[in-house]
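Position 1 is the first residue of the sequence; numbering continues from there. Indexing begins at 1, ligand by ligand and atom by atom, following the structure's order.
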Amino acid sequence: MGVNLRGRSYLKLLDFTSEEIRYLLDLSKNFKDLKRTHTPHRYLEGKNIVLLFEKTSTRTRCSFEVAGLDLGMGVTYLDPGSSQMGKKESIADTARVLGRMYDGIEYRGFSQDLVQELSDYAGVPVWNGLTDQFHPTQMLADLLTIEEKLGHLKGVNFTYMGDARNNMGNSLMVACAKMGLNFTACAPKSLWPEQWLIDECKKIAADNNCEVRLTEDVKEGTTGADVIYTDIWVSMGEPDEVWEERIKLLKPYQVNKELMANAKPEAIFMHCLPSFHDTKTTIGADIAKKFGVNEMEVTDEVFESKQSVVFDEAENRMHTIKAVVYATLC
Ligand code: CP
Ligand code: NVA
């Protein structure tokens, strides 16, 4: 039977089959071609979507806005603090109100339970634009980028460096297991994903002829990798007090030239962004002043190198988000 995602929410990749993810990647490629050839694709004219952000964003917000506008829809953006949600109105009530006005709801915020509750009550598709636990729209952009750069997904050796139990570490482990990539989390044990998720991903990986590995050893984790991926050391919503400990824990896992040399010569470097690769941001400058660290999860040299595909990856956020919105609303 063909894939049909109409009416579905997109909350986490665990809810989707490998075939459904494949369908979304193929649809993303089609939308990318349409955009590149300036071919109009206002397929969802007359519909409206709302974007709820309880945390800040550049890529995710802009991708949903441009995707919505390209598809011919009306788009409303609500920033943290400009809606009643949570403070004066429950999630369930907010969901039922927005579901009467809009055809789809994007939510970026804190717990996965919140986005699940929105979806349970809204009566329209809800898209997870990042929670503390998962970042599923980022996954499609990452998979598409790997496929574009390496030509395939199955059998790719993918290594994630750093905080492996944040939304990115969790989501990439699921994405790799679902699509046949060998996933290695290279991180201190205290920052490994929760055991239930590791167990679940190992089961999924076994069905897809790939492996999920975890190691604290940088050499072991990076040797022969096709993709080296990292994320910031302290995620949105975490208190400033964790910086000192996190820097100590993760400095040995920084992606630098020596580390990239363990990977295959044609390996690519990926990052969901934003990234602290220099001191040209207020937080970057503040951390440099407080802890004497001028580059964090990745050195500027690697970030700016030919192996780095981070801006292609960022562009793909828009094409893939468009595919998710279209597939669930068409
Ligand atoms: N990668 C990502 O989600 O970026 P934003 O936080 O800018 O949306
Ligand atoms: N782990 C990061 C991802 C940002 C896209 C965060 O949650 O801040």
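- Ionic pairing of K203 and D199 is not present here: no N-O contact between side-chain nitrogen and carboxylate oxygen is shorter than 4.0 angstrom.
- One distance of note links CE of M168 with OG1 of T230; it measures 9.5 Å at 0.5 Å rounding.
- Between the CZ atom of R246 and the CG atom of L191 there is a distance of 5.5 Å, given to the nearest 0.5 Å.
- If you look at ligand 1, the protein residues with a non-hydrogen atom under 4.0 Å away are S57, T58, R59, T60, R108, H135, Q138, C272, L273, R317.
- Two different hydrophobic clusters hold V309 and I228 under the rule that ILVMFWY side chains link at heavy-atom gaps under 4.5 Å.
- Ring-plane geometry between F31 and Y326 is classed as perpendicular, the angle between the planes exceeding 60 degrees on a 0 to 90 degree scale with a lower cut at 30.
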Report every pair formed by an N or O atom of ligand 2 and a protein N or O atom separated by less than 3.5 Å, giving atom names and the distance to 0.1 Å.
from     : atom 1 : to   : atom 2 : distance (Å)
ligand 2 : 1 (N)  : N166 : ND2    : 3.4
ligand 2 : 1 (N)  : N167 : OD1    : 2.8
ligand 2 : 1 (N)  : D231 : OD2    : 2.6
ligand 2 : 1 (N)  : S235 : OG     : 2.7
ligand 2 : 7 (O)  : N167 : ND2    : 2.9
ligand 2 : 8 (O)  : M236 : N      : 2.9

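- Panel note: side chain S308, backbone F303; a donor-acceptor pair is recorded below 3.5 Å.
- Taken to the nearest 0.5 Å, the OG1 atom of T223 stands 11.5 Å off from the NZ atom of K264.
- Both the sub-6.0 Å distance and the 45° axial angle are not jointly satisfied by R61 relative to the ring of F53.
- Cation-pi geometry between R22 and F16 is not satisfied (NZ or CZ under 6.0 Å from the ring centre, within 45° of the ring normal).
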